[in-house]
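Heavy-atom basis, side chains included; hydrogens, waters and symmetry copies ignored.
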Amino acid sequence: MPFMPVKFTLQKRVKLAQALWMLYWLSVIVGIFIFSLGIFFKIELRKRSEVMDNNESHLVPNLLILVGLLACGVNTFGGKVCHDSLDPMKFTKWKPMLKPYLLLCCGFNALLLLAALLCFLMQFAVYLTLAEGLKNSIKFYKDTDTPGRCFMKRTLDTTQIEFRCCGNNNFRDWFEVQWISNRYLDMSNDAVKDRVLSNVEGKYLMDSVPFSCCNPGSPRPCIQHHLTNNSAHYDYDHRIEELNIWSRGCHEALFSYFSGMMTSIGVLIVATIALETADMAGLKYLTTALDTMEDPENPECESEGWLLEKSVKETFSLQLAKLKMLGKSNQVEEGGNSQGTT
């Protein structure tokens with residue numbers, strides 16, 4: 001007995017074909033959108049590559065681009081089949097291709113599922129890459145004369161301004177590195193010399209942050225130097241006053257941006273899987289309804305469509321038996337080959 005059988009009249013077949021045609025073209029639009037998201041995600045990773053230590057993985061965006069292109073091709077073919085399904089002459093040429101096409105759709109759904117899983121699982125890799133990349137970016141902030149690091153200062157300043165963040169974890173990360181180049185330090189000044197010599201590593205450390213950490217929305221002029229020295233500023237207490245610099249670290253801000261993007265793409269792909277499954281189920285109903293027409297010459301006759309020709313249990317048992325037969329035939333061939341060589 002067929003699984004989930006449905007009776008069809010001409011009117012129902014026409015409505016099903018029209019609805020499927022619209023669904024397939026909606027799937028094409030979704031495919032274009034996924035392709036565009038893959039391009040956008042790849043560009044964003046390229047833009048932030050310096051603060052990710054150039055270790056960012058492009059597996060997810062590349063897979064999204066591939067999936068988007070495949071979605072356009074697969075669903076365009078499905079839409080064409082649905083468009084020609086009500087014309088017996090046109091539909092005849094598509095019939096031999098339908099079974100391989102449905103198998104291809106199953107494989108495509110598996111690829112979509114893989115892309116969705118990677119969107120969720122690769123977030124941890126992004127988290128680690130950002131942590132290491134931002135740490136190194138802060139360390140190399142002052143190296144504006146070093147080849148390969150000339151634009152690190154501009155990149156990090158732009159990132160802090162754009163994402164409203166400061167440092168890796170917070171603004172105190174700037175206290176632990178020398179972010180002012182030696183070429184801008186007056187080594188003849190006793191205060192500068194004492195600060196450098198007082199540090200074991202010979203670095204010029206201070207409780208200050210770059211200008212890009214400043215919050216332009218603060219009513220008070222930006223305090224970026226002597227942040228922890230209350231006596232250096234009038235009516236100021238760093239322990240209780242909300243500083244007029246960004247309190248959120250760039251690691252948190254950038255990870256929130258990328259994880260939000262990857263989660264949204266993952267949810268979209270899950271919805272696309274549901275849409276593709278609906279397309280496959282509808283096409284199966286349509287093709288079986290056309291195949292089971294009592295009188296193919298009379299389009300007004302009734303027919304029956306189904307998802308599976310037999311029940312789920314019978315179908316599973318049949319496929320399992322086929323796999324066993326295939327395994328036995330392979331063993332026989334291997335045995336025959338070994339006897340022939342002896």
- Query: Just one of Lys153, Lys139, Met206 clears the side-chain contact (heavy atoms from CB on, under 4.5 Å) bar with Trp179, so which one?
  - Reply: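 So, applying the side-chain contact (heavy atoms from CB on, under 4.5 Å) to Trp179 and each of Lys153, Lys139, Met206, only Met206 qualifies.
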
Is there side-chain contact between [X] and [Y], with heavy atoms separated by less than 4.5 Å?
| X | Y | answer |
| --- | --- | --- |
| Ile29 | Trp25 | no |
| Ile161 | Ser212 | yes |
| Leu128 | Glu132 | no |
| Val177 | Lys203 | no |
| Asn189 | Lys193 | no |
| Leu45 | Val60 | no |
| Leu66 | Asn62 | no |
| Phe33 | Leu268 | yes |

Roughly how far, to the nearest 0.5 Å, is [atom2] of [Y] from [atom1] of [X]?
| X | Y | atom1 | atom2 | value |
| --- | --- | --- | --- | --- |
| Leu103 | Leu98 | CG | CG | 11.0 Å |
| Leu26 | Leu20 | CG | CG | 12.0 Å |
| Phe120 | Leu117 | CZ | CG | 8.0 Å |
| Leu64 | Phe41 | CG | CZ | 7.5 Å |
| Cys119 | Ile265 | SG | CD1 | 5.5 Å |
| Lys142 | Asn182 | NZ | CG | 6.5 Å |

Taking atom [atom1] as the centre, does [X] end up with more than 12 heavy-atom neighbours from other residues, nucleotides or ligands that are less than 6.0 angstrom away?
| X | atom1 | answer |
| --- | --- | --- |
| Arg195 | CZ | yes |
| His226 | NE2 | no |
| Lys42 | NZ | yes |

- Task: Answer yes when Glu44 and Arg48 have at least one side-chain N-carboxylate O distance shorter than 4.0 Å, and no when they do not.
- Result: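 Salt bridge present between Glu44 and Arg48.
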
Determine, using the 4.5 Å side-chain heavy-atom cutoff (strictly less than), whether [X] and [Y] are members of one ILVMFWY cluster.
| X | Y | value |
| --- | --- | --- |
| Ile34 | Val28 | no |
| Leu283 | Tyr285 | yes |
| Met262 | Leu112 | yes |
| Leu111 | Val270 | no |
| Tyr184 | Ile138 | yes |

- Please report the C-alpha distance between Leu227 and Tyr236 in whole Å, then the side-chain angles of each, then the deciding distance to 0.1 Å, and finally whether the side chain to side chain contact (heavy atoms under 4.5 Å, CB included) criterion is met. CA-CA 10 Å; Leu227 289 174; Tyr236 177 78; 4.3 Å; yes

Taking all heavy atoms of [X] and all of [Y], pick out the closest pair and write down the distance.
| X | Y | value |
| --- | --- | --- |
| Val209 | Cys166 | CG1-SG, 4.2 Å |
| Ile245 | Cys222 | CG2-SG, 4.1 Å |
| Pro61 | Gly38 | CB-O, 3.5 Å |
| Ser259 | Ser256 | OG-O, 3.3 Å |
| Cys105 | Val74 | SG-CG1, 3.9 Å |
| Gln160 | Cys250 | CG-SG, 3.6 Å |

Where the side chain of [X] meets the backbone of [Y], is there a donor-acceptor pair that is under 3.5 Å apart?
| X | Y | answer |
| --- | --- | --- |
| Gln224 | Ser208 | no |
| Asp53 | Thr129 | no |
| Thr287 | Lys284 | yes |
| His58 | Leu63 | no |
| Trp246 | Cys214 | yes |
| Ser218 | Asn215 | no |
| Asn55 | Gly133 | no |
| Asp173 | Asn170 | yes |

Parallel, tilted or perpendicular: which one describes the rings of [X] and [Y], with boundaries at 30° and 60°?
| X | Y | value |
| --- | --- | --- |
| Tyr127 | His251 | tilted |
| Phe163 | Tyr257 | perpendicular |
| Tyr101 | Tyr24 | tilted |
| Tyr141 | Trp174 | perpendicular |

- Message: Quiz question: by atom type and distance under 3.5 Å, do the side chains of Asn169 and Glu252 form a donor-acceptor pair?
- Response: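 Per modelled atom types, Asn169 and Glu252 side chains form no pair under 3.5 Å.
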
- Item | No-hydrogen, no-angle side-chain donor-acceptor test under 3.5 Å, Thr228 and Asp207 |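 A donor-acceptor contact under 3.5 Å links the two side chains.
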
- Steps toward side chain to side chain donor-acceptor pair (under 3.5 Å) verdict (Gln123, Thr263): CA-CA 9 Å; Gln123 292 183 29; Thr263 300; 3.0 Å; yes

- Task: Begin from the C-alpha positions of Asp145 and Ser181 and carry the test side chain to side chain donor-acceptor pair (under 3.5 Å) through to its verdict.
- Result: CA-CA 9 Å; Asp145 297 328; Ser181 176; 4.9 Å; no

